[in-house]
Amino acid sequence: MLASVGAELLARLQFAFTISFHIIFPAFSIGLASYLAVLEGLWLWTGRPVFHDTFKYWLKIFAVVFGMGVVSGVVMSYQFGTNWSVFSDKTGPVLGPLMGYEVLSAFFLEAGFLGVMLFGEKRVGRFLHFAATVIVAIGTLMSAFWILSVNSWMHTPAGFSINEAGQFVPANWWAVIFNPSFPYRLVHMVLACYLATAFAVGAVGAWHLLRGSGNESARLMFSMSMWMAALVAPLQIIAGDLHGLNTLEHQPAKIAAMEGHFETRNGAPLILFGLPDMAAEETRYAIAVPRLGSLILTHDLNGRVRGLKSWAPEDRPNAAIVFWSFRVMVGLGVLMVLAGLWSLWRRWQGRLFDATRLQQFTLLMAPSGFLALLAGWITTEVGRQPWTVYGLLRTADSISPVGAAAVSASLLGYVMVYLVVFGAGMVYLLRLMGQPPQLGGVDLAGEGPVRAAGIVPGPAMSHDRPADHPGGTRHGD
């Protein structure tokens, strides 16, 4: 059945499948590495063992996530040679060095200090171990820097010339790396990683709080994650808006698909929901707010917004996919903002840790950051079609001379192996997260267990009302 589908579509599906599995783990690694650096820094600063206990709890999870990210990413590099050899040949002089820089400056940095981070705490001393944790966190961010530079160049190519062989060759490395969309996409992606991690950590904290509100480590997880939601989710909306304006400037066809606009008009509405029909060139059953689309995109109620009919049919992205993936991303982002505001309200009341409904909502939101991230990447990549290098190299001209049968066979192999291997990995991660954090840490003075040290605040020292407080009885909101 798959062999009857064209090789180009199968190759795209294969890469989409593998990268969808892969992107979850680096995103989680980026967020967890920074979270671990903050936890260990707070432990060294305050001496409170709860920070160290929480650090050790998430360190095990980080090790598994990091390993799964490495393994899931290896196969994608082979696909550039097997399925996309023409693309590799045409863009290799530009993208090859950037990928090399990512390995040399970022991955080697992460891998070099990962062992110290995982196993060296009792061997190298607390402060050197903290330095290793910070370096691993920096390495993950540097990986994001280089990978986003590569991908952004494919969307907004700059700083290149084309040689006699038809290859893109660098003319200005500064312009190549810092291409027009790169700063916006880097900020948007890093914030997405932090939010995805925050809601995963918050959900784990909420799970254990629902089973018993006295666990100090679970309280710490939940509190820190809710601060992240309250502060970073609104920033992400602002960053997304700036990214959208940059996309309107450089990839207006993608914006037209995201908004479901087929006709060019002044005072364009904001289509909230509808069914884009590429064949009929219209969005059916549209529910729209008059003129709001122009106001958001051009900051003018009568601003001119181009529709997909401005481009030839073969140059249009698939609006039916992009329209809905964009709304999934935005909808989840709005829910994250609401969760953050809800947590601020409960925190102000002094009842964050007995807010049962908030904790249940956070538990339901556990995968929201990763789903929003995947929806955002679908919007970005499907919206770039039919180009691999926007406006310059078509996807149809980038594929290897390989038959559909060969691509379909490898696709089926990937699906089966990934579901077994990474399915088992996900089950193991969930089992790790399901284990309650152990409160048996040692303070910096080596004075013994957490409770014996007397450093970790008990209910009487907590900034939030304990469960036995007259106004803090555990109940729903």
Side-chain angles (χ1 to χ4, degrees), residues 1-2 4-6 8-10 12-13 15-17 19-20 155 188 192 237 240-241 243-245 247-248 250-298 301-338 364-365 367-387 390 394-396:
M1 178 179 176
L2 286 177
S4 63
V5 181
E8 177 192 340
L9 178 58
L10 287 170
R12 288 177 59 191
L13 289 173
F15 198 84
F17 175 79
I19 200 171
S20 294
H155 287 265
H188 198 48
I237 290 180
D241 179 64
H243 183 200
L245 295 176
T247 305
L248 178 64
H250 296 282
Q251 294 177 302
K254 181 189 293 186
I255 293 294
M258 289 163 56
E259 299 297 329
H261 292 310
F262 286 87
E263 302 289 344
T264 300
R265 68 183 78 180
N266 295 325
L270 174 65
I271 301 177
L272 301 176
F273 302 104
L275 297 176
D277 188 328
M278 296 296 291
E281 297 183 325
E282 65 174 324
T283 298
R284 301 182 184 276
Y285 314 111
I287 300 174
V289 180
R291 299 182 180 273
L292 188 56
S294 288
L295 180 63
I296 293 174
L297 293 173
T298 68
L301 282 171
N302 295 310
R304 186 175 181 81
V305 176
R306 294 177 67 184
L308 281 174
K309 289 184 179 180
S310 300
W311 290 270
E314 63 272 16
D315 293 338
R316 301 172 188 170
N318 191 324
I321 298 175
V322 176
F323 179 87
W324 280 107
S325 62
F326 177 68
R327 275 148 187 78
V328 169
M329 178 186 68
V330 172
L332 290 171
V334 171
L335 290 177
M336 293 177 191
V337 173
L338 291 176
L364 291 175
M365 289 285 288
S368 62
F370 300 111
L371 294 176
L373 190 146
L374 287 173
W377 275 102
I378 291 171
T379 302
T380 295
E381 297 305 303
V382 177
R384 187 186 62 210
Q385 297 303 316
W387 311 94
Y390 192 75
R394 288 184 176 273
T395 306

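Because the structure is a prediction, the values reported are computed rather than measured.
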Kindly write out the residues that satisfy side-chain contact (heavy atoms from CB on, under 4.5 Å) with [X], not counting sequence neighbours, or none if the list is empty.
| X | result |
| --- | --- |
| R12 | E8, W84, Q385, T395 |
| N318 | M278, A320, I321, V382 |
| Q251 | H155, T247, K254, R384, Y390 |
| A286 | I271, T283 |

Measure the spacing between [atom1] of [X] and [atom2] of [Y] and express it to the nearest 0.5 Å.
| X | Y | atom1 | atom2 | result |
| --- | --- | --- | --- | --- |
| Y285 | D277 | OH | CG | 9.5 Å |
| S325 | L371 | OG | CG | 13.0 Å |
| H261 | L297 | NE2 | CG | 6.5 Å |
| H243 | L245 | NE2 | CG | 10.5 Å |
| H188 | D241 | NE2 | CG | 10.5 Å |
| L270 | I296 | CG | CD1 | 4.5 Å |

> Crowded around F273 CZ? As in, over 12 foreign heavy atoms under 6.0 Å?
Replying inline: no

>> I'd like to know if the side chain of W324 and the backbone of G274 have a donor-acceptor N/O pair within less than 3.5 Å.
In response: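 Yes, W324 side chain to G274 backbone: donor-acceptor pair under 3.5 Å.
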
> Any side-chain heavy atom of E314 sitting closer than 4.5 Å to one from P386?
Replying inline: no

Side-chain donor/acceptor pairs under 3.5 Å, residues 262-269, sequence neighbours excluded:
unit_1 : atom_1 : unit_2 : atom_2 : d
E263   : OE2    : K309   : NZ     : 2.5
T264   : OG1    : G307   : N      : 3.0
T264   : OG1    : S310   : OG     : 2.9

> Sequence neighbours excluded, which residues qualify as salt bridge (charged side-chain N to carboxylate O under 4.0 Å, His left out) partners of R306?
Replying inline: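 Here no residue qualifies.
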
